[in-house]
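As structure tokens, the structure follows; a few thoughts come after it.
Read the numbers this way: they start at 1 and go in the same order the structure lists the ligands and their atoms. The chain is numbered in sequence order, starting from 1.
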Amino acid sequence: MSSKYDVLVIGGGNAALCAAISARRGGASVLVLEGAPKFYRGGNTRHTRNMRCAHDAATEILTGPYTEEEFWEDLLRVTGGQTDEVLARHMIRESKDILNWIVEQGVRWQPSLGGTLSLGRTNSFFLGGGRAMLNALYLTAEKLGVEVEYDAEVTDLVIEDGMFLAARLKRPIKGDTEIRATSLVAAAGGFEANIEWLKQYWGEAADNFLIRGTPYNRGSILKMLLAKGVQEVGDPTQCHAVAIDARAPKFDGGIITRHDSVVFGIVVNKHAQRFYDEGEDIWPKRYAIWGRLVAAQPDQIAYIIFDSTVVTSFMPTLFPPIAGQTIAELAGKLELDSAALEKTITEFNAAVQPGTFDHTILDDCRTEGITPPKTHWARRIETPPYLAYPVRPGITFTYLGTRVTREARMLMADGKPSANMFAAGEIMAGNVLGKGYAAGMGMTIGSVFGRIAGREAARHAKN
Ligand SMILES: Cc1cc2nc3c(=O)[nH]c(=O)nc-3n(C[C@H](O)[C@H](O)[C@H](O)COP(=O)(O)OP(=O)(O)OC[C@H]3O[C@@H](n4cnc5c(N)ncnc54)[C@H](O)[C@@H]3O)c2cc1C
């Protein structure tokens, strides 16, 4: 490593790589510091499958147009208006260009997966998934002359008056060192893997959370930046959290531990009580509320219950469902009160109204007379074997972040833009996502702001 670079990028996922490539293409010398070992490079990006970008017409892999306005309306709905409109609209506009730009960086698309996803029009899928996408970006970066250092956890930042000077890093093999650079791009993810930090807001419940992605996103860079005067954005309790299999590992279980079967059955807590409308909206718009819903239940555990008629309606799961020939047998295996579960299912079945089932639309299969209702896709649970998945909150990423401008430049607490510090990806997602989520936006935020951050960081360094 040479001692001083034009642009230092901290992180090794999508946002970091987009920034590094963009900065290098802007003529800058670039060093990427990835805290993880090479095998685990790429943070949460390794687990991704698709990205949401606006486009005016169908493409080879997207089935129809998804206009800027429709993207904006979707964002407005899922966030309940908690978004920075100027920044969000800017991101959406720029996302149109990303569809081609990312291909120019070696990434390839494939048609959408089917099932309950319903994303064929809005989201582009990476051929081979997030890891293949990342490999393409790393290959391009390296070919362009970007230097990458693995096992390089940044442990301190030297910042004076909003100006980045140097980063100190811990290197298990090569020894600790300090790197100076003219510009900094912070792309080091959120703090989702830092259970102690999560506990500050969630209390002991956070011990029962499972972290879907990398154990390396502990929020250390975010914490340092905020401590050194960068303005924070977002609510620390807001995050993307889904219901995942309770049998999943503590970290890095990835996509295969997620359950998309909620709409096909009912969800009960440890008292065998339903607690939310399982058929509220089309699955991609609603799947991300279930992590929080389960987090609010006693012991942060819940059970998706369905019957044998729907097992082929959703993606096959890594962990097989727990089965019982009777409700009582199933309850026994789940360690639920069998009388309570039988009562819940009997009442649910009695409330189901006749209708025509269609999981791709808000159909007319609904309940009447029970609380909470199931407003769509309600069908009786009556054909054994009866099946269940135990689920816990699976935290994907947190939204607390650094406030940025349209140029991805960090704003300092006094409102002034930093001279040379930029941010992209999860670490600044809260600018756009005040709460809620629409599938594929994590990668949009990283790609759009990564590209911008790299370009602007290079421009600053070259001037
Ligand atoms: C299971 C799963 C599935 C997902 N699927 C999708 C999807 O299909 N579409 C979508 O849009 N989003 C998806 N997401 C969200 C998406 O992964 C993230 O929004 C996106 O990858 C964030 O990119 P990033 O570059 O900001 O962070 P990351 O890819 O997480 O990268 C952060 C990097 O920072 C490094 N780092 C952290 N601290 C330090 C430090 N101190 N020093 C040096 N390096 C450090 C980490 O090692 C890591 O490489 C998914 C997430 C998960 C967990």
*For Tyr40, does the OH atom sit with more than 12 other heavy atoms under 6.0 Å from it, leaving out its own atoms?*
no
*Asn14 to ligand 1: N or O pair under 3.5 Å?*
yes
_For the NZ atom on Lys250, are there more than 12 heavy atoms of other groups (residues, nucleotides or ligands in this structure) within a distance under 6.0 Å?_
yes
*asked:* Tell me the contacting part of Ile10 for ligand 1: side chain, backbone, both, or neither, using a 4.0 Å heavy-atom threshold, strictly below.
replied: side chain
*Nearest to atom 26 (O) of ligand 1, what protein heavy atom do you find, and at what distance?*
Glu426 N, 2.9 Å
*For Tyr437 and ligand 1, answer yes if some heavy atom of the residue is under 4.0 Å from a ligand atom, otherwise no.*
yes
_Sub-4.0 Å heavy-atom approach of Met51 to ligand 1_ = no
_Distance filter under 4.0 Å to Arg212 heavy atoms, resulting ligand 1 atoms_ = 1 (C), 53 (C)
*In terms of residue, atom name and distance, what is the protein heavy atom nearest to atom 51 (C) of ligand 1?*
Thr396 CG2, 3.1 Å
*Location of contacts on Ala15 toward ligand 1, heavy atoms closer than 4.0 Å*: both
*Counting only heavy atoms, which portion of Phe397 has something under 4.0 Å from ligand 1: side chain, backbone, both, or neither?*
side chain
*If hydrogens are left out, which of Gly425, Gly35, Cys18 has an atom nearest to atom 45 (C) of ligand 1, that is, the closest non-hydrogen atom?*
Gly35
*asked:* Test salt bridge (Lys or Arg N to Asp or Glu O under 4.0 Å) on Lys170 and Asp151; report intermediate values, then the result.
replied: CA-CA 8 Å; Lys170 209 172 68 192; Asp151 276 314; over 6 Å; no
*asked:* Show me which atoms of ligand 1 lie under 4.0 Å from any heavy atom of Tyr216.
replied: 37 (C), 38 (N), 47 (O)
_Between the side chains of Glu149 and Lys174, is the shortest nitrogen-to-carboxylate-oxygen separation below 4.0 Å, so that they form an ion pair?_
yes
*For atom 19 (O) of ligand 1, closest protein heavy-atom neighbour*: Gly442 CA, 3.3 Å
*Subset of ligand 1 atoms that lie under 4.0 Å from at least one heavy atom of Ala187*: 32 (C), 33 (C), 34 (O)
*Does ligand 1 have any atom that is closer than 4.0 Å to a heavy atom of Ala152?*
yes
*Check each atom of ligand 1 against the heavy atoms of Gly213 and keep those under 4.0 Å away; list them by number with element.*
53 (C)
*Inspect the contact between Lys228 and Asp156 and indicate whether a charged nitrogen and a carboxylate oxygen are less than 4.0 angstrom apart.*
yes
_When you measure from the heavy atoms of Gly42 to every atom of ligand 1, does any distance fall below 4.0 Å?_
yes
*asked:* Assess whether a salt bridge exists between Glu70 and Arg121, defined as any Lys/Arg side-chain N lying under 4.0 Å from an Asp/Glu carboxylate O.
replied: yes
